[in-house]
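All remarks here apply to the structure that follows.
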Amino acid sequence: MGTLNAANTMIQAAESGFHAPSMAEFFPAAFLFEGTPFEMNRVMLIRVLATVAVVVLLAVWAKRMKLVPSRFQSAMELAMEFVTVGIAEDTLGKEKAKKFMPLIVAIFFGILFWNVTKLIPFLNMPGTGVIGLPIVLTLTVYVTYHWAGISEKGFGRYIKDSLILPGVPWPMHILLIPIEFLTKFVTQPFTLAIRLFANMMVGHLLLVLCFSATSFFLFDAANGFQFFSIITFAGGFFVFILEMLIVVLQAYIFALLSCVYINAAISDDH
Amino acid sequence: MTPVHILAASENPLLPAWYDIIWSAICLLIVFLVVWKYVLPAFNKTLDERAERIQGGIEKAEKVQAEADEALAEYQKQLADGRAEAARLRAEAQEEGAQIIANMKTQAHAESERIVAQAQTQIEAERQSAMVQLRSEVGTLATDLASRIVGESLTDDQRSANVVDRFISDLESQSSAQPVKGA
C-alpha cells in the first residue's frame with residue numbers, strides 16, 4: 001500500500017482540493033478502549049450497528065410470525081427461503097442441510113447487512129471492508145467443513161478422500177495430491193476471504209473516488225473543468241447501482257461456497 | 001493527512017488487528033446465536049404448522065368427499081333395491097291375480113255345472129212325480145168320465161186299471177211316434 005499512499009500524497013500535493021480515497025479510511029482513529037483488544041473505531045461501530053439491525057429485524061420477524069403472514073412476514077419468508085432452500089438445501093440436500101442451516105443463514109444475513117452499510121448515507125463504509133470480518137467468517141466455515149468431514153468419515157478417510165482423486169493413474173497423484181492439498185486447505189479459504197474483502201474495499205474506494213472527484217471538479221477545479229463533474233457523478237451513480245448488486249451477490253456467493261465446501265467434505269462421491 | 005492516518009494506512013490491509021478480529025467474532029457470534037436459537041426454530045415451527053394446517057384441510061376434504069360418495073352409493077343401492085322390490089311385488093301380484101282369476105273361473109265353472117246338474121235332477125224328479133201323479137189322476141178321471149158316458153159302472157178295479165194302462169201306453173207310443181211323423 002506504500003505506492004498507493006505515495007500516489008495519494010503526490011495527488012494531494014499537486015491539487016490541494018482533491019481528497020483522494022486512501023486505505024486510511026478503513027483504519028480510522030479509535031474513540032473507545034484505545035490500545036485494548038476491544039478498541040472501537042468508526043468501522044467497528046458500523047459493524048456493531050449492522051449487527052444490531054439484522055438481529056432486530058430477524059427477531060421482530062420471528063416474534064410476529066403468524067400462520068397467515070403479513071406483507072412483511074411474507075417478504076422475510078421469501079428471503080429466508082432463498083437462503084434455506086435456494087442456497088443450503090439445493091447444495092447439501094434437505095437432510096444434511098439441517099445441521100448447517102443456522103450457520104448458513106447467519107452468514108448470509110450477516111454479510112448482507114455488514115456489506116450494505118457502505119451504501120447507507122453517513123455510514124458509507126462496509127463492515128466487511130476490513131479484513132478481520134472476512135477472516136473470521138472464513139475461519140468459521142473452514143473449521144466447520146473440516147470438522148463436518150472428519151466427524152462424518154473419520155480423520156483418515158476424510159484426508160484420503162480430500163487428497164486422492166479416484167480413477168486417476170497413480171503417477172498422477174505425485175502432482176495431484178499437493179494440488180488438492182493446496183486447494184482444500186489453503187486456496188479455498190484464502191479466496192473465500194479475499195473475494196469478499198476485496199470486493200467490498202474496492203467498491204468503497206471506487207465510490208469515494210467518483211464522488212470526491214465530482215466534488216473537486218465542481219468546486220475546486222479551474223473554470224471549464226466543471227463539465228467533468230457530470231461524468232464523474234454518472235460514474236459514481238453507476239458504481240452505486242453496481243454495488244447494490246454486489247452487496248447481495250457477495251453475501252450469496254459466500255453462503256453458497258460455504259455450502260459447496262461443506263458438501264465436498266461430507267459427501268461420499270468425490 | 002494526520003500522522004495517525006499515515007500510520008494506520010501503512011498497515012498491511014491483509015493482516016487484521018486484534019480488535020478487528022474480536023469485534024468481528026462478537027458480531028458473527030451474536031447473529032449466529034439469534035438465528036440458531038430463536039429465528040430458525042420459529043421459522044421452522046411456522047412452516048410446519050402451516051403445512052400441517054393445509055394437510056389437515058386436505059385430509060378433511062377427502063374425508064367429507066369419501067363420506068358423500070358412500071352416502072350416494074348407499075342411496076343408489078336403496079333406490080335399486082326399492083325398484084327391484086316393487087318389480088317383484090308387481091310380478092307377484094300379477095301372478096296372484098291370474099291365479100285368483102283362474103281359481104274363480106274353475107269354481108264358477110264347477111258351481112254352474114253343479115247348478116245345472118241339480119236343476120236337471122230336480123226337473124227329472126219333478127217330471128217323474130208329475131208323470132206318476134198325472135198317470136193316476138188321468139186314470140181316475142178317465143174312468144170316471146167313461147163310466148158316466150157308458151153308464152156302466154166300471155168298478156171292477158182290476159179291469160179298469162188294465163184299461164187305463166193300455167190307454168196310457170197307447171198315448172205314450174202315440175206321442176213318441178208323433179215327432180217322427182211330424183218330421
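Every chain is numbered from 1 and lettered A, B, ... according to where its sequence line falls, protein lines coming before strand lines.
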- Message: Would you compute the distance between atom OH of B:Y19 and atom CZ of A:F33 and round it to the nearest 0.5 angstrom?
- Response: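 So the gap between those two atoms works out to 14.5 Å.
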### Query
Out of curiosity, A:I104 CD1 to B:L40 CG, how far, rounded to the nearest 0.5 Å?
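Interatomic distance, A:I104 CD1 to B:L40 CG, rounded to 0.5 Å: 11.0 Å.
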[X] versus chain B, the contacting section by heavy-atom distance below 4.5 Å:
X	result
A:I194	side chain
A:T84	side chain
A:F26	neither
A:Q73	side chain
A:M40	both
A:F109	neither

In terms of heavy-atom pairs under 4.5 Å with chain B, the winner among A:E25, A:M76, A:R47, A:M101 is A:R47
*Got a donor-acceptor contact below 3.5 angstrom from the B:W23 side chain to the A:P37 backbone?*
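Between the backbone of A:P37 and the side chain of B:W23 there is no qualifying donor-acceptor contact (under 3.5 Å).
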- Judged by atom type as modelled, is there a donor-acceptor pair below 3.5 Å linking the side chain of B:R53 to the main-chain atoms of A:L67?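 Checked: no pair found.
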I'd like to know if A:K66 and B:E49 make a salt bridge, using a cut-off of under 4.0 Å between side-chain N and carboxylate O. no
- Classify the ring geometry between B:F43 and A:W61 as parallel (under 30°), tilted (30 to 60°) or perpendicular (over 60°).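 Because their plane-to-plane angle lies in the 30° to 60° range, the rings of B:F43 and A:W61 count as tilted.
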